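For reference, the structure discussed in these notes is given below.
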Amino acid sequence: MIYLDYAATTPLDARVFDAMLPYLRPDGVFANPASTHGPGFKARAAVERARAQVAALIGAEPGEIVWTSGATESNNLAIKGALEFRGAGATGRALHVVTSRTEHKCVLDTCRHLEAQGCNGQPVRVTYLKPNADGVVTPEDVLAALTPETLLVSLMWVNNEIGVVQDIARLAQLLRSRGVLLHVDAAQAAGKLAIDLANTPIDLLSLSAHKTYGPKGIGALFVRRRPRARLQPQMHGGGHEQGMRSGTLATHQIVGMGAAFEVAAQRRASDEQHLTALRELLWSRLQALPRILRNGNASLMAPHLLNVSFEGVEGESLRAALPELAVSSGSACSSATAEPSYVLRALGRDDELANASLRFSFGRTTTVADIETAAAAVIRQVQWLRELSPLWTA
Amino acid sequence: MIYLDYAATTPLDARVFDAMLPYLRPDGVFANPASTHGPGFKARAAVERARAQVAALIGAEPGEIVWTSGATESNNLAIKGALEFRGAGATGRALHVVTSRTEHKCVLDTCRHLEAQGCNGQPVRVTYLKPNADGVVTPEDVLAALTPETLLVSLMWVNNEIGVVQDIARLAQLLRSRGVLLHVDAAQAAGKLAIDLANTPIDLLSLSAHKTYGPKGIGALFVRRRPRARLQPQMHGGGHEQGMRSGTLATHQIVGMGAAFEVAAQRRASDEQHLTALRELLWSRLQALPRILRNGNASLMAPHLLNVSFEGVEGESLRAALPELAVSSGSACSSATAEPSYVLRALGRDDELANASLRFSFGRTTTVADIETAAAAVIRQVQWLRELSPLWTA
Amino acid sequence: MQTETDATQANPFGYPPPVWQRFNAPARAGRFAMDTPGVVTGSAGSPAAHSRLQLQLRVADGRVADARFLAYGCPTSIAVGAWLAEWALGKTPAELRGLSLSELRATLEIADDRAHCAVMGEDAVRALLAQYEDAQP
Amino acid sequence: MQTETDATQANPFGYPPPVWQRFNAPARAGRFAMDTPGVVTGSAGSPAAHSRLQLQLRVADGRVADARFLAYGCPTSIAVGAWLAEWALGKTPAELRGLSLSELRATLEIADDRAHCAVMGEDAVRALLAQYEDAQP
Ligand SMILES: Cc1ncc(COP(=O)(O)O)c(C=O)c1O
Ligand SMILES: Cc1ncc(COP(=O)(O)O)c(C=O)c1O
């Protein structure tokens with residue numbers, strides 16, 4: 001089995017695993033970090049160390065990191081929390097949010113929920129920007145969509161299906177001067193791109209550990225302190241995390257995320273080289289096949305992703321013909337439903353071609369041999385399916 | 001250090017730890033359970049095995065278990081989700097919820113949020129029942145509070161501070177015949193009481209792994225299928241968990257919860273004996289001190305908890321005088337704030353006495369020697385602080 | 001030799017074994033050379049379902065002497081093509097007319113949500129028979 | 001001998017070391033026997049703050065010859081009592097009057113949120129001095 005689905009999730013880095021064990025073992029540091037006794041304080045200290053590690057990777061302060069259960073929760077908290085807080089005073093006109101059609105489902109579904117239910121009894125209007133054929137939403141596209149009622153822009157840094165990188169740094173500058181809050185889903189960006197929030201005026205930024213060799217089920221939301229991005233909590237309770245997110249802190253998970261982000265900080269540059277090389281090797285090997293399309297702008301790509309559409313083959317058979325290749329067709333999060341990827345549809349691919357697409361994503365432990373084997377299998381099976389097709393004409 | 005704070009959190013059971021490792025190791029089963037490829041299916045199978053294990057402990061069907069990040073989230077989802085769904089049609093009169101003053105903060109805070117913000121633009125009214133001096137809220141108290149607008153009753157099975165067990169079985173029967181939804185916070189009850197949802201018509205029930213020798217950061221909500229308890233999701237996204245809770249499933253965490261609940265099913269009877277014996281031993285030893293009060297009805301107690309108020313000593317000094325004892329004063333979840341426990345206040349203790357209370361909670365690995373040592377330390381230090389007090393008159 | 005676990009891994013998507021086996025090694029895939037005598041062709045399939053099946057039978061002496069198929073579609077469609085090509089061998093046109101949809105579905109263990117693949121197979125056989133009859137003197 | 005980690009564990013709540021040390025081993029805790037000659041008592045404290053401090057000094061030859069304290073309250077209150085009892089030894093009433101709140105706070109490293117504990121100490125000394133003066137012929 002060759003695993004090329006690192007954008008869906010990654011294995012733990014060995015150092016992350018080692019860092020977690022002392023907080024997981026039956027005889028480890030297991031106390032509740034909220035407990036006010038010795039063992040509790042020890043757990044708390046580990047939580048705070050991890051907070052600093054996460055903050056360090058993205059140029060933030062530890063106090064700007066709020067733990068969540070993952071980027072899904074971070075995105076929900078950022079969007080609903082900001083809208084509820086900011087919209088509290090407004091009356092009459094609909095609160096307005098700008099996002100794109102190629103966001104992760106958890107952003108889109110949150111926006112649709114707000115449109116359907118409103119927010120604190122006020123209507124919500126959402127603009128879903130259509131990216132160009134390359135998958136790009138320009139800062140100018142965003143600016144053109146702003147209205148006086150726009151409270152929030154939510155745009156992902158790196159798209160999880162096609163890997164396109166948006167120009168968030170420029171967008172952030174432009175929005176700051178206009179007083180519009182910017183939320184960025186950075187689940188696929190952390191550890192892959194250089195992120196420096198000290199110099200990029202993003203207000204809210206979502207992170208997930210398991211995309212970066214950390215454990216599943218833990219994430220964080222960066223909430224800027226100066227100027228302060230204010231949120232209504234979405235998880236009510238004992239007032240953990242500065243009142244922004246209640247619930248017992250999962251020490252081992254948090255420690256794992258901290259360790260993963262520390263490793264990511266150390267390895268980012270070399271990871272980028274490694275991943276980019278693998279990506280381009282695979283793309284060049286696949287040139288043996290005529291009529292394939294690379295999805296997304298090749299010059300604006302995160303290093304770990306390659307998304308390719310194969311003309312003339314049917315998507316389900318393509319996947320079935322590659323059982324030894326763990327790849328994704330569309331996002332793992334949406335592939336339970338057999339619908340063609342809405343991201344590829346937004347780029348202008350028709351249903352059939354969207355379905356006949358594979359997302360290859362690479363990781364630290366992917367080797368050149370993996371790529372060669374995978375490329376050979378894909379080429380062989382696409383050729384075979386095309387030969388089998390009564391419709392194919394070479 | 002003697003750890004007597006198992007109600008705040010427990011260490012992992014050794015079998016739980018062992019069960020989790022294959023899903024956590026860098027070379028383990030790490031794929032995303034939502035991925036539609038071999039490794040993903042393998043992770044998915046582990047998730048479904050765990051679902052069955054959790055369901056088995058409480059007499060539910062696997063399809064009635066929805067994974068969450070803990071009981072805080074489960075409680076939020078149950079209360080907000082049920083109200084949003086059930087209240088969707090209603091107009092005009094306020095939606096009504098009945099709960100008690102001694103619920104966990106995450107229930108109370110959720111209710112207060114609903115009162116302040118309403119639900120889908122409709123007002124929400126909450127009745128907070130005051131328990132009697134024993135901490136008991138009777139089914140009759142609940143029935144007396146119902147109005148035609150009551151959509152939901154939320155009552156905890158076992159109180160996390162004093163251990164009082166409410167008569168949920170009888171309440172459930174009474175509410176079923178009246179068509180009012182019942183949500184039960186069972187975070188402290190699972191594995192301690194016998195729970196059989198096949199024969200107890202509870203609609204929604206919250207669970208947490210880390211109170212039962214499972215990992216922190218994972219929980220579940222039981223959502224009854226027949227008759228179906230319907231919820232609006234609170235975490236929007238890819239539609240995981242039958243659309244009720246989106247977000248990547250944390251396989252190792254889920255497997256841990258499953259293993260913990262399976263162990264709990266095997267050990268429940270012997271755990272109960274062990275814990276009850278320790279609890280009564282401690283209480284009898286503490287009789288060496290005059291003027292102490294046991295909080296909550298001693299005949300309606302979960303086995304793992306003993307909450308005692310000590311007259312004539314100041315709370316902070318009492319805790320400081322026992323640095324080698326990891327106990328809680330009030331709930332760990334609320335003890336970040338130094339306010340006197342609202343649960344003890346609701347039972348009629350004044351601020352001073354509420355503050356001068358200790359919650360001892362016991363676990364599988366607590367020994368008789370632990371109890372003897374702890375009792376001796378408490379007796380010695382209470383006596384010392386009383387002697388030091390200019391106000392104490394024996 | 002495969003252990004049960006190997007077999008499961010080899011068929012991770014859980015296709016019915018008869019489908020999976022034919023998808024992986026479809027006998028008689030292809031088309032007859034252009035000038036092969038006695039070849040009748042039938043096609044079926046819908047653009048909506050993104051599938052197309054082409055069945056070719058070489059009839060000699062009133063019986064199917066050889067068969068080929070091509071398919072574009074899901075693994076079940078491909079397996080249906082492969083099964084039909086096998087099944088048709090040696091049959092007379094009258095016997096082909098007796099194709100039982102339920103036998104086809106039962107043999108390949110095709111569930112309801114894939115019934116359309118079986119129907120496409122039946123349609124291809126019908127189209128082929130129509131062509132055959134047209135061609136009769 | 002304690003390592004630094006042991007010391008931290010021993011003081012898990014992070015009290016200032018001078019407070020922690022006196023809380024754990026307060027010298028001169030207690031009260032003088034009822035009929036001890038020369039004893040003056042001063043008390044202070046508020047029910048609101050749930051604290052009470054009682055200071056007793058035995059004055060002989062115009063100087064404090066011995067001291068006792070009792071306290072009900074947080075560890076800082078107890079440490080204040082212990083410190084005052086030590087500090088008063090050998091002093092004349094005039095010197096007691098010179099008690100410096102800032103010295104007391106600095107010595108025990110009392111932060112702003114515990115300033116009221118130091119003030120209670122000062123109040124107790126004042127009450128004691130008032131009683132002493134009343135008792136002077
Ligand atoms: C861009 C993006 N956002 C959000 C998420 C959701 O993150 P999580 O799995 O931590 O809930 C993912 C991955 O699933 C993602 O790729
Ligand atoms: C009764 C009760 N409900 C809810 C919770 C919250 O659970 P969790 O820590 O899993 O969020 C706790 C413990 O903190 C509890 O004791």
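Chain letters run A, B, ... following the sequence lines, proteins first, then strands; residues in each count from 1. What's counted below: heavy atoms across the whole structure, side chains too, no hydrogens, waters or symmetry copies. From a predicted model like this one, the values you see are computed outputs, not experimental measurements.
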Inset, instruction - Pick out which of B:Ile79, B:Leu83, B:Leu108 makes a side-chain contact (heavy atoms from CB on, under 4.5 Å) with B:Ser154. - result: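 Answer to the side-chain contact (heavy atoms from CB on, under 4.5 Å) test with B:Ser154 among B:Ile79, B:Leu83, B:Leu108: B:Ile79.
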Checking heavy atoms, do the side chain of [X], its backbone, both or neither come under 4.5 Å from chain B?
X: A:Thr365; answer: neither
X: A:Val107; answer: neither
X: A:Glu73; answer: both

Does any heavy atom of chain A fall under 4.5 Å from the side chain of [X], the backbone, both, or neither of them?
X: B:His37; value: side chain
X: B:Leu249; value: backbone
X: B:Tyr3; value: side chain
X: B:Asp109; value: both

Does any part of the side chain of [Y], heavy atoms only, come nearer than 4.5 Å to the side chain of [X], both counted from C-beta?
X: B:Asn75; Y: B:His183; answer: yes
X: A:Gln234; Y: A:Glu84; answer: yes
X: A:Val16; Y: A:Pro215; answer: yes
X: B:Thr251; Y: B:Val47; answer: yes

Let's test your reading of the structure: which of [options] forms the most heavy-atom pairs below 4.5 Å with chain A?
options: B:Gly121, B:Gly219, B:Ala14, B:Pro26; value: B:Pro26
options: B:Pro39, B:Gly70, B:Gly28; value: B:Pro39
options: B:Asn76, B:Thr9, B:Leu21, B:Thr110; value: B:Asn76
options: B:Gly256, B:Cys111, B:Ser69, B:Pro233; value: B:Ser69
options: B:Pro11, B:Gly217, B:Gly40, B:Ala31; value: B:Pro11

Legend entry - salt bridge (charged side-chain N to carboxylate O under 4.0 Å, His left out) partners for A:Glu241, two or more places apart: A:Arg51
Pick from [options] with the largest number of heavy-atom pairs that fall under 4.5 Å of chain B:
options: A:Leu77, A:Thr72, A:Ile218; value: A:Thr72
options: A:Ala71, A:Ala326, A:Cys119, A:Ser246; value: A:Ala326
options: A:Val327, A:Leu322, A:Thr68; value: A:Val327
options: A:Met20, A:His210, A:Gln253, A:Gln117; value: A:Gln253

Inset, instruction - Give a yes or no answer on whether the side chain of A:Glu103 reaches the backbone of A:Met156 with a donor-acceptor pair at less than 3.5 Å. - result: yes
Legend entry - Nearest non-hydrogen partners of A:Ala259 and A:Ala19, listed with the distance: CB-CB, 3.8 Å
Inset, instruction - Please report the shortest heavy-atom distance between A:Gly214 and A:Thr10, naming the atom on each side. - result: N-OG1, 4.2 Å
Inset, instruction - Sequence neighbours left out, what pairs pass salt bridge (Lys or Arg N to Asp or Glu O under 4.0 Å) with at least one residue falling in residues 9-38 of chain A? - result: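 Qualifying pairs, neighbours excluded: A:Asp13-A:Arg15, A:Asp13-A:Arg364.
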